[in-house]
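Here's the structure, in structure tokens; my notes come after.
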Amino acid sequence: VVECSALLEVLCGKCRYQDAILLYKTMVRLGAVDSVTYWKLLRPLCKAKMLEESLEVMRDARTLGVNLAVALQNKVVMALCRAKRLDDALGVYHEIQTPDFYTYTSLVQGLCRVRRMEDAFFYMNEMVSKGLFPDVHTFTSLIHGLCVANRIQEARALLEQMVDKGLNPTSVTFTVLIDGLCKGGMVDEALALLQRMLQRSCDPSVFTYNILIHGLCKAQRMDDAYKVLEEMLLGKGACAPDIFTYTTIIDGFCKAKRSDEAFRLMERIAAKGLCPDVVTYSTVIDGLCKEDRLEEAVGVFASMKDKGCAPNTVTYNSIIGGLCRAGRMDRAMIMLASMREEGCTPDLKTYTSLVSGFCKKNQVDTACGLLVEMAGKGLVPDVVTLTTLVDGLCKDGKLDEAAGLIRTMSKRGCTPT
RNA sequence: GGUUGAAUGAUGACGCAGU
């Protein structure tokens, strides 16, 4: 048993899991397994995320009456939680005689990750009732889960609760809540939370700032967003902005129709030793297109290529969208061709822009032709694409065809994404 | 007895509301 178990460890160490399992099965047949055997096999299997195999091996242990240590069972619970297989994880949990801190931590965090908040709280209470206390990470998970479920007030209450219990929220804890507050439209509360972090000398990370700036931009509070950027640069919470920071705020200025300020920031990127990437360029290009500054957009498009930054599907979508809105369908189709040449795959958004553009030029037939082309490429039009076409057909007086299309849509269960 | 937590940027149609 001892030698074979050692061999299992060697095989697993060399990633020869199937061989290890074969050996293990032979050992089972010979009745030569003990708890060490399971350590040597199950731990690597979990690490390799071989969940089915792990579960099966665990079942054997049960049948054979070999007792597994809680620590080992926890490995399986953890691996299942990571794979979001919470029901399986709970199944294993129920087999554990004395679940411990790690068992509960894995379960509660896993349940949060799959948004099963009520279950998460149930097991947290279970944990507490056994005298085991959730740590900062678990609280952070719970706060995050509540935020995603739009239960921001409960998330805030939980922060207070953990502070009351003497736990020290980390930058992650605060960041998660700041994000939740922003997404819930409570940007001022988010700003206040940043202040509280600073007061507690909890250092905001670049994530914290980016999330906050993003929230302020979406709330159309560009001046506040800019202030936060300045705070990063020279305030007491000094933290180097990254390309995400700049792209976010550039997008905000573009959407606020303050593209002059966007350009000024664009120039500051290089001075900071950063380099605009494809997202930054796409952001600016989209902004220019939406301000009907098509030629400038095309200019930026050319210069990004000059600088060795390859446009992607989004970049092309922005340009093609701009051309379509401007009714320049000839140029839009040329862009579509070069998009393909450069290895960018047109997606639903590309086609929707084109369909919309052709419809607006009363070329509904061409638009329908694009749908045929899509089908040939295995692209399934969604509700947006089809609504675009329905709109075009209606405005072209082809009501029967539009009605037919709507029937097809509902038959297909075509729903908004 | 351990790998325990979270998070950030760009692109499509119509409609609604407002003008």
Side-chain angles (χ1 to χ4, degrees), chain A residues 43 46-47 69-72 74-75 77-79 81-82 100-110 112-113 134-145 147-148 169-180 182-183 205-215 217-218 241-252 254-255 276-287 289-290 311-322 324-325 346-357 359-360 381-392 394-395 416-417:
Chain A
R43 187 151 68 155
C46 287
K47 203 169 175 176
V70 188
L72 185 54
N74 284 345
K75 292 283 182 199
V77 172
M78 276 182 196
C81 285
R82 278 186 170 271
D100 64 7
F101 173 82
Y102 294 100
T103 323
Y104 284 110
T105 297
S106 295
L107 280 180
V108 173
Q109 295 181 2
C112 288
R113 210 174 298 131
D135 65 5
V136 182
H137 298 264
T138 303
F139 269 102
T140 303
S141 273
L142 288 162
I143 290 173
H144 180 240
C147 285
V148 171
T170 65
S171 154
V172 176
T173 319
F174 282 110
T175 303
V176 164
L177 193 49
I178 286 175
D179 190 38
C182 285
K183 297 212 164 98
S205 68
V206 67
F207 289 99
T208 317
Y209 283 112
N210 289 353
I211 286 167
L212 196 50
I213 289 175
H214 186 248
C217 289
K218 293 297 162 205
D242 62 10
I243 192 61
F244 280 56
T245 322
Y246 282 105
T247 304
T248 304
I249 200 158
I250 284 172
D251 185 51
C254 285
K255 291 196 164 60
D277 65 10
V278 62
V279 178
T280 319
Y281 283 116
S282 302
T283 303
V284 172
I285 288 170
D286 190 62
C289 285
K290 288 192 173 135
N312 64 15
T313 297
V314 175
T315 323
Y316 276 105
N317 284 351
S318 287
I319 290 260
I320 290 175
C324 289
R325 277 190 299 274
D347 63 10
L348 281 184
K349 294 186 182 187
T350 323
Y351 279 105
T352 304
S353 291
L354 291 165
V355 167
S356 168
C359 286
K360 293 217 166 91
D382 68 357
V383 67
V384 179
T385 316
L386 294 176
T387 304
T388 307
L389 191 57
V390 167
D391 185 54
C394 288
K395 289 184 175 144
T417 43

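Within every chain, numbering begins at 1; the chains are lettered A, B, ... in the order of the sequence lines, protein sequences first and strands thereafter. The structure presented is a predicted model; accordingly, all values stated were derived computationally and were not measured.
- Dashed line: the shortest gap from a side-chain N or O of A/Arg43 to OP1 or OP2 of B/U3 is not under 4.0 Å.
- Within the 4.0 angstrom heavy-atom criterion, no nucleotide atom of any strand lies near A/Thr350.
- Within 4.0 Å of A/Asp347, counting heavy atoms only, lies no atom of the nucleic acid at all.
- Within the 4.0 angstrom heavy-atom criterion, base atoms lie near A/Thr385.
- Not a single donor-acceptor pair, N or O on each side, falls under 3.5 Å between the base of B/G9 and the side chain of A/Thr245.
- A donor-acceptor pair under 3.5 Å is absent between the side-chain atoms of A/Ser356 and the main chain of A/Thr352, judged by distance alone.
- Among the protein residues, A/Thr173 comes within range of the nucleic acid bases, having at least one heavy atom under 4.0 Å from a base atom.
- Listed nucleotides: B/U8, B/U3, B/G5. Nearest to the side chain of A/Phe207: B/U8.
- In the set B/U4, B/G15, B/A10, B/U4 carries the atom at the smallest distance from any side-chain atom of A/Thr105.
- Using a 4.0 Å heavy-atom cutoff across all strands shown, A/Lys360 reaches sugar-phosphate atoms only and no base atom.
- Candidate nucleotides B/A13, B/G5, B/A10 were compared by shortest atom distance to the side chain of A/Thr352, and B/A13 ranks first.
- Two residues are said to be in side-chain contact when any heavy atoms from C-beta on lie closer than 4.5 Å; A/Ile319 and A/Ile285 meet this criterion.
- Within the 4.0 Å cut-off from OP1 or OP2 of B/U8, not a single side-chain nitrogen or oxygen of A/Lys218 is found.
- No side-chain heavy atom of A/Lys395 sits under 4.5 Å from any side-chain heavy atom of A/Cys359.
- Looking at A/Asp382, its side chain does come within 3.5 Å of a backbone N or O of A/Thr385 through a donor-acceptor pair.
- Using a 4.0 Å heavy-atom criterion, one finds that A/Ser106 contacts no nucleic acid atom at all.
- Within the 4.0 angstrom heavy-atom criterion, no nucleotide atom of any strand lies near A/Thr313.
- Listed candidates were B/C14, B/U4, B/A7. Nearest to the side chain of A/Gln109 is B/U4.
- Closest approach to the A/Ser141 side chain among B/G9, B/G5, B/A7 is made by B/G5 (side chain taken as heavy atoms from C-beta onward).
- Within the nucleic acid shown, A/Ile211 comes within 4.0 Å of sugar-phosphate atoms alone, with no base atom in reach, counting heavy atoms only.
- Which of B/G1, B/G9, B/G12 sits closest to the side chain of A/Ile243 comes down to B/G9.
- Donor-acceptor pairing under 3.5 Å, judged by distance alone, is present between the side chain of A/Asp135 and the base of B/U4.
- Checking B/G1, B/G12, B/A7 against every side-chain atom of A/Ser353, the shortest atom distance belongs to B/G12.
- Checking B/G5, B/A13, B/U11 against the side-chain heavy atoms of A/Val136 singles out B/G5 as nearest.
- In this structure, A/Arg82 reaches the bases: a heavy-atom distance under 4.0 Å links it to at least one base atom across the strands shown.
- When distances run from any side-chain atom of A/His137 to the nucleotides B/U3, B/G5, B/G1, the shortest one goes to B/G5.
- Only one option out of A/Thr248, A/Thr245, A/Thr247 pairs with A/Asn210 in a side-chain hydrogen bond (donor to acceptor under 3.5 Å, both in side chains); it is A/Thr245.
- Within 4.0 Å (heavy atoms only), A/Thr140 reaches at least one base atom of the nucleic acid.
- No hydrogens or angles considered: a donor-acceptor pair under 3.5 Å links the side chains of A/Thr208 and A/Ser205.
- Of the candidates B/C14, B/U3, B/G9, B/G9 carries the atom nearest the A/Val279 side chain, counting heavy atoms from C-beta on.
- Using a 4.0 Å heavy-atom distance criterion, A/Val390 is classed as making no nucleic acid contact.
- Nucleic acid contact class of A/Thr247 (heavy atoms, under 4.0 Å, all strands): base.
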